[in-house]
Amino acid sequence: MSQQTSPRGTFLKIADAVRAQIDADDEMTELPSAAELMRDHGVSRGVALRVFGALQKEGVAEPAPGGRWRVVRHGQPVDRRPLAERIADVFADDGLEVGAAFPSASELCTRFDVSRPTVSKALDKLQAAGLLSEGRQGKARTVLALPSREESSKP
């Protein structure tokens, strides 16, 4: 390894390299994982985490559910509300009524680009709020009640 004798500033050099990757690839949406940074640059986990912190401080990246980091591109609107709130918008967006089948967890995973456990937790919150029926394997969730528009329009 050709690391400097002093680790001070190493994370900034790696952050510069990651920033260059982001600038060169307009399609890049996720940062490399901490393990990838450790492997590619021969650094410790602590240094890799400092890279993420530096990029976050610059407004280039933000933490994403699941321990990953996503690229922040200015000018692109990103809905940062909790997933349960974004899924609650499905009621109105899809024109669902009481008794209608709610989209499956698989459909919601694709629609919101999140993992199944993340969707399951959000659906559980909507179920606890009395909006959805219990989900069971092979049986679609149904709409029990519609969310009030007043709640979702609060600042």
Side-chain angles (χ1 to χ4, degrees), residues 11-12 14-40 45-155:
F11 76 98
L12 293 174
I14 298 170
D16 289 341
V18 173
R19 196 176 318 95
Q21 279 182 297
I22 293 167
D23 292 342
D25 184 1
D26 290 338
E27 300 297 315
M28 185 176 183
T29 58
E30 274 191 353
L31 297 183
S33 67
E36 291 167 334
L37 290 177
M38 292 164 57
R39 180 194 66 223
D40 295 347
R45 182 168 181 76
V47 172
L49 296 177
R50 289 187 74 187
V51 169
F52 296 138
L55 293 171
Q56 182 180 23
K57 189 174 180 179
E58 295 171 17
V60 174
E62 66 183 3
R68 294 298 300 233
W69 285 76
R70 74 175 132 230
V71 175
V72 174
R73 300 208 187 264
H74 299 288
Q76 294 179 343
V78 176
D79 191 347
R80 289 181 169 75
R81 294 178 299 152
L83 183 61
E85 288 180 27
R86 293 187 288 150
I87 290 178
D89 289 347
V90 170
F91 291 92
D93 294 346
D94 291 5
L96 299 177
E97 297 294 330
V98 173
F102 200 75
S104 70
S106 295
E107 292 173 51
L108 295 170
C109 289
T110 302
R111 189 168 178 171
F112 293 99
D113 193 27
V114 295
S115 68
R116 183 176 288 275
T118 302
V119 166
S120 294
K121 288 178 187 175
L123 290 172
D124 289 346
K125 288 180 182 179
L126 295 175
Q127 179 185 335
L131 301 176
L132 293 176
S133 66
E134 182 179 356
R136 294 185 182 200
Q137 187 171 354
K139 185 176 181 221
R141 289 180 186 264
T142 56
V143 177
L144 297 178
L146 298 175
S148 69
R149 290 282 76 183
E150 298 161 1
E151 290 174 1
S152 60
S153 63
K154 288 181 183 177

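A quick note: this is a predicted structure, and the numbers were derived from the prediction, not measured.
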Enter the distance from [X]:[atom1] to [Y]:[atom2] here, rounded to the nearest 0.5 Å.
X    : Y    : atom1 : atom2 : value
F102 : L123 : CZ    : CG    : 6.5 Å
L108 : L83  : CG    : CG    : 8.0 Å
L131 : K125 : CG    : NZ    : 13.5 Å
K121 : S115 : NZ    : OG    : 8.0 Å
Q21  : D16  : CD    : CG    : 12.0 Å
F11  : L55  : CZ    : CG    : 10.0 Å

Are the side chain of [X] and the backbone of [Y] linked by a donor-acceptor contact shorter than 3.5 Å?
X    : Y    : result
E85  : P82  : no
R45  : A35  : no
S133 : T142 : yes

Side-chain ion pair, R86 and D89, N-O less than 4.0 Å:
no

How close do [X] and [Y] get, counting heavy atoms only, and between which atoms?
X    : Y    : value
A88  : P147 : O-CG, 4.0 Å
Q127 : G135 : OE1-N, 4.1 Å
A101 : L96  : O-CD2, 3.9 Å
L144 : G130 : CB-O, 3.6 Å
P32  : E36  : CA-OE1, 3.1 Å
R116 : A105 : NH1-CB, 3.3 Å

Return the orientation label for the F52 and W69 ring planes: parallel under 30°, perpendicular over 60°, tilted otherwise.
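Correct class here is parallel.
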
What do you reckon, is CZ of R39 surrounded by more than 12 foreign heavy atoms closer than 6.0 Å?
yes

Are there over 12 heavy-atom neighbours, none belonging to R50, within less than 6.0 Å of that residue's CZ?
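No - once you tally the heavy atoms of other residues, nucleotides and ligands closer than 6.0 Å, there are 12 at most.
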
Please step through side chain to side chain contact (heavy atoms under 4.5 Å, CB included) for the pair V90 and R111, ending with a clear verdict.
CA-CA 10 Å; V90 170; R111 189 168 178 171; 3.8 Å; yes

Side-chain contact test, heavy atoms from C-beta onward, threshold under 4.5 Å: evaluate it for V119 versus F112 and give yes or no.
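No. Closest side-chain heavy atoms not under 4.5 Å.
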
